[in-house]
Amino acid sequence: MKLLDGKIAIITGGASPRGLGKATAQLFADHGATVAILDLDADHAAAAAADLGTGHIGLPCDVTKKDDCIAAAKAVLAALGGIDILVNNAGITQPLKLMEIEAENYDAVTDVSLRGTLYMSQAVIPTLREQKSGSIVNMSSVSAQRGGGIFGGPHYSAAKAGVLGLTKAMARELAPDGVRSNAICPGFIATDITAGKLTAAMKEQVLAGIPMGRAGEASDVAGCALFLASDLSAYVTGSEVDVNGGSLIH
Ligand code: NAD
C-alpha cells in the first residue's frame with residue numbers, strides 16, 4: 001500500500017547522501033509522494049532529487065534565512081502545485097563542552113535547527129491552513145530529552161529541546177486548521193553529521209548505552225517520518241516519537 005499517493009513533500013537538509021533527510025525523501029517517493037529536497041547547495045539538492053526518480057525537484061535554501069524559505073515554498077508551489085508535508089530535517093552539531101561554546105557556535109547550531117524550523121514552517125503554513133490539511137515533522141534528538149551525552153554539546157541539546165517546544169506549540173495553534181505537527185527524537189544514527197569527529201572510544205561508549213546494541217539506520221528514522229507524514233497518524237499531533245533503540249526509555 002502506498003501511503004503518500006499524490007502528496008507533495010518538502011524535506012530540508014535532504015541532500016546528504018547517507019542522511020536522515022535523503023532516506024526519508026526516498027521512502028516518501030517510494031510511497032507515491034513528489035518530493036522537493038531543499039539544501040544549502042543547489043547542485044547537491046538537484047542531484048539528490050534526481051536519485052529519487054523522475055518528477056522530484058531540488059532547490060537551494062538556507063533555512064536560517066527567512067527570504068530563502070519563502071522563496072523555496074513559492075518555487076515548490078509553482079513547480080509542483082501544492083504542499084502537503086514539511087519535514088524540518090536540516091541540522092548541524094558540534095561536540096563542544098559547556099564552557100567551550102562561543103557565540104558563533106551557539107548561533108550556528110541553534111539557527112539551523114530552531115530558527116530554520118520556525119522559518120520554513122512559517123513559509124508553508126499559509127498553504128496548509130488554506131487547504132485545511134498538512135503534516136509538519138520536525139527532527140529533534142534524544143539529546144534534547146536526556147541532556148546530550150552522545151555527540152552534540154549543550155547548545156545542540158538546547159536547540160533540539162527548543163524544537164520540541166516549537167513542535168508542541170505549533171501543534172496546538174495549527175490543530176483547529178487540520179494541520180498536525182510532530183517531532184522525531186532519533187538516538188544514535190549512522191550518518192555523516194559527526195563529520196569524522198566521532199572517535200572509536202566515543203562510539204563504543206554510545207553503543208554500550210543502547211539496549212538494542214546497534215546504531216540506528218537512516219531508514220529507521222524514515223519509517224517513523226512516513227508514519228507521521230501519512231494519514232496513519234491522523235489523530236497524532238504534538239507528540240515526540242523516540243527512535244533510539246531503547247537508549248532512552250521514559
Ligand atoms: P547530515 O549532516 O547527514 O545532513 C544534514 C543536512 O542538512 C546536510 O545535507 C546539510 O547540508 C543540511 N544543512 C545544514 N545546514 C543547513 C541550512 N542552514 N539550510 C539547509 N540545509 C542545511 O545529518 P543527519 O544525521 O542526516 O541529521 C539530520 C537531522 O537529524 C539533523 O537535524 C540532526 O540534528 C538530526 N539528528 C541526527 C542524529 C544522528 O545520529 N544522525 C540523531 C538525532 C538527531
Side-chain angles (χ1 to χ4, degrees), residues 3-4 6-14 20-21 24 28 33 35-36 38 61-77 80-91 107 109-145 155-186 221 224-243 250:
L3 293 171
L4 300 179
K7 301 286 187 192
I8 295 160
I10 294 177
I11 301 181
T12 70
L20 307 186
T24 299
F28 283 15
V35 179
L38 275 43
C61 176
D62 178 344
V63 295
T64 68
K65 303 206 167 85
K66 193 163 189 175
D67 289 349
D68 273 25
C69 295
I70 291 168
K74 275 193 184 147
V76 173
L77 285 173
L80 304 179
I83 301 167
D84 301 292
I85 298 157
L86 168 65
V87 181
N88 284 305
N89 166 77
D107 287 348
V109 168
T110 54
D111 273 4
V112 181
S113 278
L114 189 49
R115 190 187 294 273
T117 296
L118 175 67
Y119 285 170
M120 199 60 229
S121 300
Q122 286 177 327
V124 305
I125 282 167
T127 301
L128 304 186
R129 273 195 159 138
E130 200 178 304
Q131 70 199 16
K132 297 267 179 244
S133 74
S135 174
I136 298 174
V137 179
N138 297 325
M139 222 47 96
S140 179
S141 170
V142 70
S143 290
Q145 304 161 306
H155 55 333
Y156 179 75
S157 298
K160 292 304 194 184
V163 168
L164 287 182
L166 181 60
T167 300
K168 293 174 190 206
M170 287 203 300
R172 196 177 291 280
E173 202 174 320
L174 297 175
D177 296 317
V179 178
R180 301 183 294 108
S181 163
N182 292 286
I184 299 177
C185 295
V221 176
C224 184
L226 174 62
F227 166 70
L228 291 173
S230 77
D231 288 343
L232 285 182
S233 60
Y235 199 52
V236 181
T237 198
S239 76
E240 47 188 279
V241 184
D242 297 338
V243 184
H250 57 117

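Computation of the quantities below employed the complete heavy-atom set of this structure, encompassing side-chain atoms and omitting hydrogens, waters and symmetry-equivalent molecules. Every value quoted in this text rests on a predicted model; they were computed, and no experiment measured them.
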Measuring only between side-chain heavy atoms, which start at C-beta, is [X] closer than 4.5 Å to [Y]?
| X | Y | result |
| --- | --- | --- |
| Leu226 | Phe28 | yes |
| Asn182 | Val241 | no |
| Ile125 | Val179 | no |
| Leu174 | Leu128 | no |
| Cys61 | Val63 | yes |
| Thr167 | Ser140 | no |
| Ile184 | Leu228 | yes |

Please list every donor-acceptor pair under 3.5 Å in which a side-chain atom of residues 66-73 meets a protein atom from a residue at least two apart or in another chain.
{"residue": "Lys66", "atom": "NZ", "partner": "Gln122", "partner atom": "OE1", "Å": "3.2"}
{"residue": "Asp68", "atom": "OD2", "partner": "Asp62", "partner atom": "N", "Å": "2.9"}

To the closest 0.5 Å, what do you measure between [atom1] ([X]) and [atom2] ([Y])?
| X | Y | atom1 | atom2 | result |
| --- | --- | --- | --- | --- |
| Met120 | Ile136 | CE | CD1 | 10.0 Å |
| His250 | Asp242 | NE2 | CG | 3.5 Å |
| Thr64 | Leu114 | OG1 | CG | 12.0 Å |
| Ser230 | Ile85 | OG | CD1 | 8.0 Å |
| Leu86 | Thr12 | CG | OG1 | 6.5 Å |

Here the salt bridge (charged side-chain N to carboxylate O under 4.0 Å, His left out) pairs for residues 162-172, sequence neighbours left out, are Lys168-Glu240
Residue set satisfying salt bridge (Lys or Arg N to Asp or Glu O under 4.0 Å) with Arg129, at least two apart, ordered chain then number -> Glu173, Asp177
The side-chain hydrogen bond (donor to acceptor under 3.5 Å, both in side chains) partners of Ser133 (sequence neighbours excluded) come to none
Across all chains, not counting sequence neighbours, the side-chain hydrogen bond (donor to acceptor under 3.5 Å, both in side chains) partners of Asn88 are Ser121, Asn138
Any idea which heavy atoms bring [X] and [Y] closest together, and the distance?
| X | Y | result |
| --- | --- | --- |
| Gly21 | Ile11 | O-CG2, 3.7 Å |
| Ser141 | Lys160 | CB-CG, 3.8 Å |
| Ala159 | Val109 | CB-O, 4.1 Å |

Open item on the list: Working note: Val137 + Cys224, criterion side chain to side chain contact (heavy atoms under 4.5 Å, CB included); need CA distance, chi angles, decisive distance, verdict.
Closed with: CA-CA 10 Å; Val137 179; Cys224 184; over 6 Å; no
_Quick one: does any side-chain atom of Ser157 pair with a main-chain N or O of Ser143 as donor and acceptor, under 3.5 Å?_
yes
**Test item: Ser113 side-chain N/O and Gly91 main-chain N/O as donor-acceptor pair under 3.5 Å** = no
Sorted by chain and number, sequence neighbours left out, side chain to side chain contact (heavy atoms under 4.5 Å, CB included) with Asp84 holds for Lys7, Ile8, Gln131
Evaluate the criterion side chain to side chain contact (heavy atoms under 4.5 Å, CB included) for residue pair Thr24 and Asn89; output intermediate values, then yes/no. CA-CA 9 Å; Thr24 299; Asn89 166 77; 5.9 Å; no
